[in-house]
Structure formats: structure tokens, C-alpha cells
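Report on the following structure.
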Amino acid sequence: MKIKALKAAFPYTIPIFAGFWFLSLAYGILMNVNGFSFVYPMMMSILIFGGSLEFIAVTMLMSPFAPAAALTITLLVQARHLFYGISMLEKYKNTGWKKPYLIFGMCDESFSINYTAEIPPDVDRGWFMFFVTILNHFYWVSGATIGGLIGSLISFNTEGLDFVMTAMFVTIFLNQWMKEEKKYTGLIGIGATAACLMVFGPDSFMIPSMLAILALLTAFKNPIGKCYESDFDRESDESDPADHISENNPGYETAECEPETIQTQGRKNK
Amino acid sequence: MSPMTIPQQIITIAICALGTMLTRFLPFIVFSSKKPTPRYIQYLGKALPCAVFGMLVVYCLKNVSLLTGTHGIPEAIAIAATAGLHLWKKQMLLSIAGGTAVYMLLVQMVF
């Protein structure tokens, strides 16, 4: 069961391996160049497991001690995880002892894969999401540790490799966007964030963006919400006899909103 | 070298770790699986992800300046290549690898 879940999960994590190794090596090298032992990037990657904050933490550690400012910056940079948690409330249900680790390791990439992946019906969901999370965590920690160890010895032309993360989010966005009946939830995300980036600048646009997205999704709750209504009824009264129809035809009831997911890797062709 | 003492460094790292955990665990603590989740939160759980993925795409591009440097042209071309490949072949790895290769070629050789 575990091997099957690992085999299903691994292909989804390959782009993350490329992106994480590039970013975490850079992060480890940055720590090394600033005079820190490899233990620092290694422990910080294990405990924080959040790329953007770890880069900011290098600046914090090179500045005078300021715990209150460190907490404020952390909460501002990481606030987007609140949205991931709200989105994963259902998916992480019934995962037993794995649940605390799944939440602990819910970085941008683990969330994106675990939310959108089409998990084959014969694969255990809990183990699948566990392997996605732990593989990502392993890639990040190993890259940061190696970067911290060998420091500035590496020099080859990797300029532009960091685009792998942007490309990954573009494909994940497209997969989800094509599934949505109401195309404007995706447009709200792009439009509100781009507008806030222009108004507030690259250092302080995330909180205004999140508030704008919440406000717009709340304002358009009626037209957007209609598409999800059948899901709520099924989730809230599971004893309703009418629901047996949908239980026997998994996916039937929600087909209108979430048609067939696009397969990755072309695994369908095998 | 860092101007902090070792305990101060450890406290700073602990704050970053605990603050991050707070943002990841809070929704699961507030909306425990024992009680039914409020409808509004259920709605957000369904409607947010697509908006959030859009937000993440923009977040990746936050340091691209449209007015200076390369004006975001390599990014625009590479995103078009990624999206085009993805709509055509629908194979995630191919789209990501192709888009990244296009971007690396553009920033290393053209711009």
C-alpha cells in the first residue's frame, strides 16, 4: 500500500525537486557565505520549511536581535497558509497520525499538489499526501544542507532555473482553472494580486491581496457558491438516503463543477 | 558574522518556526473535524484554491519590473510557452520543463 502511494506520489514531486534543489542550494550557500555552519540552514529547513521566510530569516540573523519584528514579519509572510488550511480542512480529514505532519509540512508546493492531484482510487489518499509532503521536505532540507556544506564552491550557469517554480504554479493554476465552472475565481486571484502588487509594491502586497480576494469572493458568494452547493449537501448530511446514488457513482454529482482532472505525466497512456 | 548571540539566534529561528506553524495549524484548530464547518468557510474552502493559485503565480513574479531591465518580456514569453505547451499536450512535467528551458535560453542568450 505504501509503495503504491510512493510510486503515485513521486512523479508529482519531480518539478519540485528541481525547483527546491535550486532554491535551497542557493539558500544554503547564502547562509554559508554569511558565516553560518551548515547546521543552521539544515535545522531551519527542517523546522520552518518555508522558502521565502528562510531567505528573509538570513537578513534577520544578520541584524540586531528583534523578536517582536521577527514575529510580525513571520506572520505577514506566512499568512497565506491560512487560506491553504481552510482549503485542506476536508482533504486532510481521516488521515490519522499523519495529519499533524501533513499540516506541519503544508508549504506552497505540498498544498498545491495535495489539493489538485488526481489520486488513483486504489491508492491510499493519506499515504499519497504524506509522501508528497515528506519528499518535498527531504528535497528542501538536503539542498539547504549541501549548500551550507559546500558553500561557494559551486559555479555553473543556472541563471533562470528558478523559473521552474513559476512554471509549476502556471500549470497548477491552469489545471484548476479549467476545472472551475466559474472562471472568475481564478481571475479574481490574478487580478486582485496584480493590482495590489502595483499599488503596494513587492514587499507589502500579500496581505492586501488576501483581503481583496476574501472581499471579492464574499461579494460574489451567490453566483460562485451555486456551483459548489451539491458538494455541501453531500458533505453535511451523509445519512440522507438520496445520497446513496452519488455514493455509488463517485464524482457524478460534482461532475458539473469538477470534470475529469487533467492527468499528469501522461500516465493514462501506459 | 551575525551580531546576535547564539541564544538570540535560536530564539529568532524558533519565532520563525512557531509563527509559521501557527499560520498552518490555526484553521485546523479553529474548525475541528468534530464540529461541522460553517457554510461560509466550506464555501471559501472550495472557492479559494483557484484564486490562491492565481495569487501564487503573481507572487512568483513579484520582483519582475515592467518599467526597467527586460520589462518582463522573457517572463511573458516563458509563461506563454508553459501555458501553450500545457493546453496542447496536457502533461505537467513537459510544460514545466519546456517553459523553464525557454526562460533559461532567453535570459542567458537573448536578453
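Note that these values count all heavy atoms, side chains included, but never hydrogens, waters or copies made by symmetry. Residue numbers start from 1 in every chain, and the chains themselves are labelled A, B, ... in the order their sequence lines are given, proteins ahead of strands.
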Engaged part of B:Val107 at the chain A interface, taking heavy atoms whose separation is under 4.5 Å: both

Can you tell me which portion of B:Tyr103 sits under 4.5 Å from chain A's heavy atoms? Options are side chain, backbone, both or neither. side chain

Could you tell me which of B:Ala51, B:Ser95, B:Pro74, B:Ala78 has the largest number of non-hydrogen atom pairs under 4.5 Å with chain A? B:Ala51

With a 4.5 angstrom heavy-atom cut-off, could you sort out which part of A:Ala70 is near chain B: side chain, backbone, both or neither? both

Closest-packed option against chain B by number of heavy-atom pairs under 4.5 Å, given A:Ile56, A:Leu71, A:Val77, A:Leu82: A:Leu82

Looking only at heavy atoms, which two atoms of A:Ile172 and A:Ser112 are closest? And how far apart? CD1-CB, 3.5 Å

Side chain / backbone / both / neither for A:Thr193 at chain B, heavy atoms under 4.5 Å: both

B:Arg24 (side chain) donor-acceptor with A:His81 (main chain) under 3.5 angstrom: no

With a 4.5 angstrom heavy-atom cut-off, could you sort out which part of A:Met88 is near chain B: side chain, backbone, both or neither? both

If only side-chain N and O atoms count, and only distance matters, is there a donor-acceptor pair under 3.5 Å linking B:Tyr43 with A:Thr218? no

Could you report the tightest heavy-atom contact between A:Gly189 and A:Ile213, atom names first, then the distance? CA-CD1, 4.1 Å

Relative to chain A, which of B:Ala97, B:Pro49, B:Gly98 shows the most heavy atom pairs under 4.5 Å? B:Pro49

Both conditions, 6.0 Å and 45 degrees, for the charged tip of B:Lys62 above the ring of A:Phe205: are they met here? no

Any residues in residues 195-204 of chain A near chain B, with a heavy-atom distance under 4.5 Å, and which are they? A:Leu197, A:Pro202

So do B:Val110 and B:Leu105 actually touch side chain to side chain, heavy atoms under 4.5 Å? no

Heavy-atom pairs under 4.5 Å with chain A are the metric here; pick the option from B:Thr82, B:Val57, B:Leu61, B:Leu56 that has the most. B:Leu56

Where on B:Leu94 is there a heavy atom nearer than 4.5 Å to chain A: the side chain, the backbone, both, or neither? neither

Checking A:Leu217 against chain B: side chain, backbone, both or neither under 4.5 Å from a heavy atom? both

Closest-packed option against chain A by number of heavy-atom pairs under 4.5 Å, given B:Val58, B:Leu26, B:Val30: B:Val58

Who among A:Thr74, A:Leu216, A:Leu214 has the most heavy-atom pairs with chain B under 4.5 Å? A:Thr74

Between A:Phe111 and B:Phe53, is the gap from one ring center to the other below 6.0 Å? yes

In terms of heavy-atom proximity below 4.5 Å to chain B, should A:Phe104 be classed as side chain, backbone, both, or neither? both

Chain A contact via B:Pro36 - which portion, at a heavy-atom distance below 4.5 Å: neither

Contact part of B:Thr37 toward chain A, heavy-atom cut-off under 4.5 Å: side chain, backbone, both or neither? side chain

For the candidates A:Ala167, A:Cys107, A:Gly35, A:Gly19, which exhibits the highest count of non-hydrogen atom pairs separated by less than 4.5 Å from chain B? A:Ala167

Part of A:Leu53 within contact of chain B (heavy atom distance under 4.5 Å): side chain

Nearest heavy atoms of A:Ser87 and B:Leu48, plus distance in Å: OG-CB, 4.0 Å

Quick one: what part of B:Met21 sits under 4.5 Å from any heavy atom of chain A, side chain, backbone, both or neither? side chain

Quiz question: by atom type and distance under 3.5 Å, do the side chains of B:Thr20 and A:Gln78 form a donor-acceptor pair? yes

Shortest non-hydrogen pair, A:Ser52 vs A:Arg80, comes out as OG-NH2, 3.6 Å

Backbone of A:Leu61 reached by a side-chain donor or acceptor of B:Ser2 within 3.5 Å: yes

Is it true that a side-chain atom of B:Thr70 and a backbone atom of B:Ile73 form a donor plus acceptor pair closer than 3.5 Å? no

In terms of heavy-atom pairs under 4.5 Å with chain B, the winner among A:Phe36, A:Tyr184, A:Phe65, A:Phe220 is A:Phe65

Is it the case that the side chains of A:Tyr84 and A:Asp108 hold a donor-acceptor pair, with the cut-off being a distance below 3.5 Å and no angle test? yes

Of the listed residues (A:Ile86, A:Ile103, A:Ile188), which shares the most heavy-atom pairs with chain B below a 4.5 Å separation? A:Ile103

Exam field: side chain A:Thr13 to backbone A:Phe10, donor-acceptor pair closer than 3.5 Å: yes

Does any backbone or side-chain atom of A:Lys99 lie under 4.5 Å from a heavy atom of chain B? Answer side chain, backbone, both or neither. side chain

Check: B:Met104 and B:Met109 side chains under 4.5 Å, non-hydrogen atoms: no

Looking at every heavy atom in both B:Pro27 and A:Leu89, which two are closest together, and how far apart are they? O-CD2, 3.6 Å

No-hydrogen, no-angle side-chain donor-acceptor test under 3.5 Å, A:Glu54 and A:Ser45: yes

Would you name the heavy atoms of A:Phe55 and A:Leu23 that are closest together and state the gap between them? CZ-O, 3.5 Å

Let's test your reading of the structure: which of A:Pro67, A:Ser63, A:Gly105 forms the most heavy-atom pairs below 4.5 Å with chain B? A:Ser63

Chain A: which of B:Gly99, B:Ala17, B:Cys50, B:Gly45 shares the most heavy-atom pairs with it under 4.5 Å? B:Cys50

